[in-house]
Amino acid sequence: MSFTNIVRQHTAALRALLALTVVLGLGYPVFIWLVAQLPGLQDKADGSIIEVAGKSVGSSLIGQSFTDADGNPLPQYFQPRPSAAGDGYDPMATSASNLGPESVIDQPDKPSLLTQVCQRSRAVGDVDGISGARPFCTPAGVGAVLSVIGPRDSHGNVITPTRVVSVNEPCADTKAPFLYTYEGVRVECAEPGENYAVGQIVPVRGTAAPQVPADAVTASGSGLDPDISPAYADLQVNRIASARGVDPQRVRELVAQHTEGRMLGFLGEPRVNVLELNIALDTLAAHG
């Protein structure tokens, strides 16, 4: 290949590089920015920032915690759903817990998804004065899961249990397991450091009918969800009304005013934006 051809090819490549830089590196971003400034889009493009008295208090698109310095829920505010993003609602660490339905056995310093749900449900129940009991949870708020040990059939199911252990209830933490017997065998509490994987893992459903909604005990995929369900909002009304000394019906009216329906009438579920609702509560208090 001659020197002239090499120069020609490199010149063509340089021209293509400059053209693509102008079109994709400058023109396209400017075009997208201009589109984002159109009426109806500008607010979301700018972060949907909410201001109160000229001060930014948050974004309607990103959830935030309403807790005291010790992390305890503030009783006068609606509480959001749990978050697995960093220390909670951290946009720089947006993520889910990556735990699935099979996460039912606790590990040292790492509770299973089931136990996390049980603990959250119990905590919500304590805060809002209702029962936090739910299926597959022990009264103490951990996953009700047994390791059933014994001979198995061809499908891997234990035929005759010889030993049964409540794997999420260490003997150091409980005087007696949540279940006294299972198929005629006395249930034991778990000994620290012992591995019960040899047994068949059996979650026990129990009879509890959950009063705490699912979104109150599960984190969103992003960890940044700013909304809660109307059911979770309604559950918190009496506690907030009592803390603020207002009529519960007035709080329910605010919830109704800030409840959005399904997008386009069929996408998603009805939802309530927690930040906007709590701002409305403060405005109500300021105006008596």
Side-chain angles (χ1 to χ4, degrees), residues 40-52 56-67 71-99 113 116-117 119-121 123-125 127-128 130 132 134 210-241 243-244 248-285:
L41 298 178
Q42 183 177 12
D43 180 62
K44 289 183 172 58
D46 292 341
S48 297
I49 303 300
I50 298 177
E51 294 187 354
V52 176
S56 298
V57 295
S59 167
S60 64
L61 302 177
I62 298 177
Q64 57 180 273
S65 300
F66 291 88
T67 57
N72 300 311
L74 293 171
Q76 69 271 32
Y77 286 110
F78 283 92
Q79 295 300 310
R81 68 183 303 182
S83 171
D87 291 330
Y89 299 103
D90 181 358
M92 301 301 293
T94 174
S95 66
S97 66
N98 293 325
L99 299 176
L113 176 61
Q116 290 182 40
V117 167
Q119 291 173 340
R120 292 164 179 167
S121 187
V124 170
V127 168
D128 289 300
I130 63 170
R134 64 190 312 112
Q211 298 183 29
V212 180
D215 62 304
V217 298
T218 55
S220 64
S222 68
L224 307 178
D225 192 348
D227 304 318
I228 58 175
S229 66
Y232 187 26
D234 185 66
L235 183 151
Q236 304 182 62
V237 165
N238 290 333
R239 181 246 302 161
I240 292 168
R244 289 178 177 266
Q249 183 57 34
R250 187 69 188 92
V251 180
R252 287 192 179 90
E253 291 173 358
L254 285 180
V255 172
Q257 293 169 11
H258 289 81
T259 298
E260 298 183 36
R262 293 180 171 88
M263 293 180 61
L264 303 178
F266 67 95
L267 294 175
E269 295 293 333
R271 60 200 183 279
V272 183
N273 188 283
V274 177
L275 176 58
E276 293 177 353
L277 182 55
N278 283 334
I279 291 173
L281 278 172
D282 286 342
T283 301
L284 175 66

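All heavy atoms count here, side chains included; hydrogens, waters and symmetry mates do not. Note that the structure is a prediction, hence the values are computed from the model and not measured.
- Using modelled atom types, no side-chain atom of Ser56 and backbone atom of Gly58 make a donor-acceptor pair closer than 3.5 Å.
- Closest non-hydrogen pair, Ser222 versus Thr94, comes out as O-OG1, 2.5 Å.
- A donor and an acceptor atom, one from each side chain of Thr218 and Arg81, are located under 3.5 Å apart.
- With Tyr232 as reference, Val124 is the one residue of Val217, Val272, Val124 to meet the side-chain contact (heavy atoms from CB on, under 4.5 Å) rule.
- Checked by atom type and distance alone, the side chain of Asp215 never pairs as donor or acceptor with a backbone atom of Ile228 at under 3.5 Å.
- Atom CD1 in Ile62 sits 11.0 Å away from atom CD1 in Ile50 (nearest 0.5 Å).
- Atom OG of residue Ser65 and atom CD of residue Gln79 lie 8.0 Å apart, to the nearest 0.5 angstrom.
- Rounding to the nearest 0.5 Å places CD1 of Ile130 at 4.0 Å from CG of Leu235.
- Proximity of a side-chain donor or acceptor of Arg271 to a complementary backbone N or O of Gly261 within less than 3.5 Å is detected.
- Between Val212 and Gly125, the shortest heavy-atom contact is CG2-N, 4.4 Å.
- Here the CD-CG distance, from Gln64 to Leu224, works out to 11.5 Å after rounding to the nearest 0.5 Å.
- Across His258 and Ala280, no two heavy atoms sit closer than the pair CE1-CB, 3.4 Å.
- Considering all non-hydrogen atoms of both residues, Ile279 and Val57 come closest at CD1-CG2, 3.7 Å.
- Within 6.0 Å of atom CG in Asp87, 12 or fewer heavy atoms from other residues, nucleotides or ligands are found, so the atom counts as exposed in its surroundings.
- Note that CZ of Phe66 and CG of Asn72 are 16.0 Å apart. Values are rounded to the nearest 0.5 Å.
- Side chain of Gln76 to backbone of Asp282: no donor-acceptor contact under 3.5 angstrom is found.
- Judged by the 6.0 Å and 45° rule, Arg239 forms no cation-pi pair with Tyr77.
- Under a 3.5 Å cut-off, the side chain of Ser83 and the backbone N or O of Tyr89 do form a donor-acceptor pair.
- Counted by atom type alone, Asn273 and Ser60 present zero donor-acceptor pairs between their side chains at under 3.5 Å.
- Heavy atoms only, all atoms of each residue included: Ala219 and Ala84 are closest at CB-N, 3.9 Å.
- Taking CZ of Arg252 as the reference point, atom OG1 of Thr259 lies at 12.5 Å (rounded to 0.5 Å).
- Between the side chain of Asp225 and the backbone N or O of Ser220, no donor-acceptor pair lies under 3.5 Å.
- In terms of modelled atom types and a separation under 3.5 Å, the side chain of Ser121 and the main chain of Gly132 share a donor-acceptor contact.
- Listed for the Arg134 side chain is no donor-acceptor partner under 3.5 Å among the backbone atoms of Pro210.
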